[in-house]
Amino acid sequence: MNYNVDEKGYYGDFGGAYVPEMLYANLTELKENYLRITKEESFKKELNGLLASYVGRPTPLYFAERLSKKYNTKIYLKREDLCHTGAHKVNNTIGQILLAKRLGKTRIIAETGAGQHGVATATVCALMGIKCVIYMGELDIKRQAPNVARMKMLGAKVSPASSGSKTLKDATNEAIRDWINNPLDTHYIIGSVVGPHPYPDMVARFQSVISEEIKKQLNEIEGREYPDHLIACVGGGSNAAGLYYHYLNDSRVKIIAVEAAGKGINSGKSAATSALGKEGIIHGSKTLLMQTKDGQITEPYSISAGLDYPGVGPMHAHLFRSKRAEFISITDQDAMDWGLTLSQMEGIIPAIETAHAFAVLDIKSFNPDDIIIFNCSGRGDKDLDTFINYFQL
Ligand SMILES: *Cc1c(COP(=O)(O)O)cnc(C)c1O
């Protein structure tokens with residue numbers, strides 16, 4: 001079984017590029033150049049230099065002693081929350097902007113829901129002095145004021161999408177329209193392992209620095225490169241893809257993907273794509289997504305903005321169908337409780353997305369000498385208001 005992308009842009013049954021003909025030229029340019037450019041020595045040198053001095057890599061692999069004692073197993077945290085801007089997303093945006101520069105692009109566009117990807121994109125555009133337009137649903141602009149302010153401070157233009165439900169999918173439509181109209185000077189930075197080929201593979205490769213570092217770090221600490229279990233939350237799936245990447249074909253390593261059950265899988269208010277999803281096309285690729293009987297995309301729900309997405313990337317749809325990964329869904333309530341638990345047991349306030357992953361510890365049991373690595377995808381500062389309201393802090 002192959003878990004990486006094939007030559008046609010598929011992961012098993014999933015992936016591909018289902019886009020309007022007007023986008024063929026843009027995607028072909030990317031497809032024909034991304035592997036060549038990212039393998040160039042000068043590219044790797046510039047990227048690795050910035051990952052070290054700007055992003056703050058390598059991020060630590062931290063042994064969580066109190067948690068390990070409580071659950072009688074060996075628990076490590078890969079600290080992506082310590083990346084500049086507070087989450088893993090910048091690993092991808094910094095890679096894509098260097099690629100865009102080498103393709104001669106002078107303008108960047110992106111879509112954003114909660115604003116996290118918008119901030120990570122605006123950040124690298126400021127770093128490179130490149131013009132930046134972020135598309136965001138009108139409703140999301142109202143709900144996510146601090147991130148809108150951050151993007152503006154960083155010099156980006158935030159362009160409201162006022163059609164449809166005025167949320168992420170409408171912002172995505174606007175970004176695609178922009179790209180069709182500006183194929184020569186503009187690069188579109190997608191924020192997760194979603195979208196038409198080659199985006200899922202390109203984003204996974206930029207995030208794969210996570211598992212590349214783990215191999216080295218774990219070998220230094222434990223004398224072996226591989227853990228027994230890898231656990232990450234999955235929205236679109238980019239932090240998870242980065243965590244799994246170098247272990248996909250290592251059958252000694254068990255892979256767990258954690259989705260948002262929201263108020264419960266059968267409550268009508270969730271984002272548990274693998275449990276509820278059917279094959280369909282979203283964002284230009286064939287994958288699993290939540291939809292009605294006649295194929296309309298269902299509005300997802302999760303208390304965490306980053307997991308509030310109706311699909312998963314095609315790599316994850318394939319990991320699910322082939323049973324390479326086990327998918328578990330966690331409710332808002334359990335995730336919120338774990339936000340407090342991790343804060344008080346380890347002194348680490350996690351993003352609500354990240355907190356979902358840890359709730360697996362209450363569901364599955366592990367052996368005392370198992371090595372488990374959680375991807376600590378982001379820090380909780382952005383979620384403070386949600387924590388305050390939820391727990392009446
Ligand atoms: C955006 C985000 C996620 C979800 O996105 P993936 O592409 O699934 O990784 C998870 N955690 C944090 C902290 C995020 O900001």
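FYI, side chains are in, hydrogens and waters are out, and symmetry mates aren't considered; it's all heavy atoms of this structure. Start at 1 and go down the list; that is how both ligands and their atoms are numbered.
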Heavy-atom distances under 4.0 Å are what count here, so tell me which part of Ser377 touches ligand 1: side chain, backbone, both or neither.
both

Report yes if [X] has an N/O atom closer than 3.5 Å to an N/O atom of ligand 1; otherwise report no.
{"X": "Leu307", "value": "no"}
{"X": "Gly191", "value": "no"}
{"X": "His88", "value": "yes"}

Establish, yes or no, whether the cationic atom of Lys269 lies under 6.0 Å from the six-membered ring centre of Tyr301 and within 45° of the ring axis.
yes

Are any of the side-chain heavy atoms of Ile348 and Arg379 separated by less than 4.5 Å?
no

Got Ile256 and Leu230 here, is their nearest side-chain heavy-atom distance under 4.5 Å?
no

Do side-chain atoms of Trp179 reach the backbone of Thr186 as a donor and acceptor pair under 3.5 angstrom?
yes

Cluster check Leu342, Ile352: I/L/V/M/F/W/Y, side chain < 4.5 angstrom
no

Taking [atom] as the point of reference, which of [options] owns the nearest heavy atom?
{"atom": "atom 7 (O) of ligand 1", "options": "Gly306, Ser192, Gly235, Cys233", "value": "Ser192"}
{"atom": "atom 9 (O) of ligand 1", "options": "Thr85, Asn239, Ile352, Val203", "value": "Asn239"}
{"atom": "atom 15 (O) of ligand 1", "options": "Gln116, Lys89, Glu353", "value": "Lys89"}

How close does the nearest protein non-hydrogen atom get to atom 6 (P) of ligand 1, and which residue and atom is it?
Ser238 N, 3.3 Å

Answer with yes or no whether the side chains of Glu80 and Thr59 bring together a donor and an acceptor at under 3.5 Å.
yes

Between Phe358 and Phe374, does the ring centroid distance fall short of 6.0 Å?
yes

Show me which atoms of ligand 1 lie under 4.0 Å from any heavy atom of Gly378.
13 (C)

Show which atoms of ligand 1 fall inside a sub-4.0 Å distance from at least one heavy-atom site of Ala351.
13 (C)

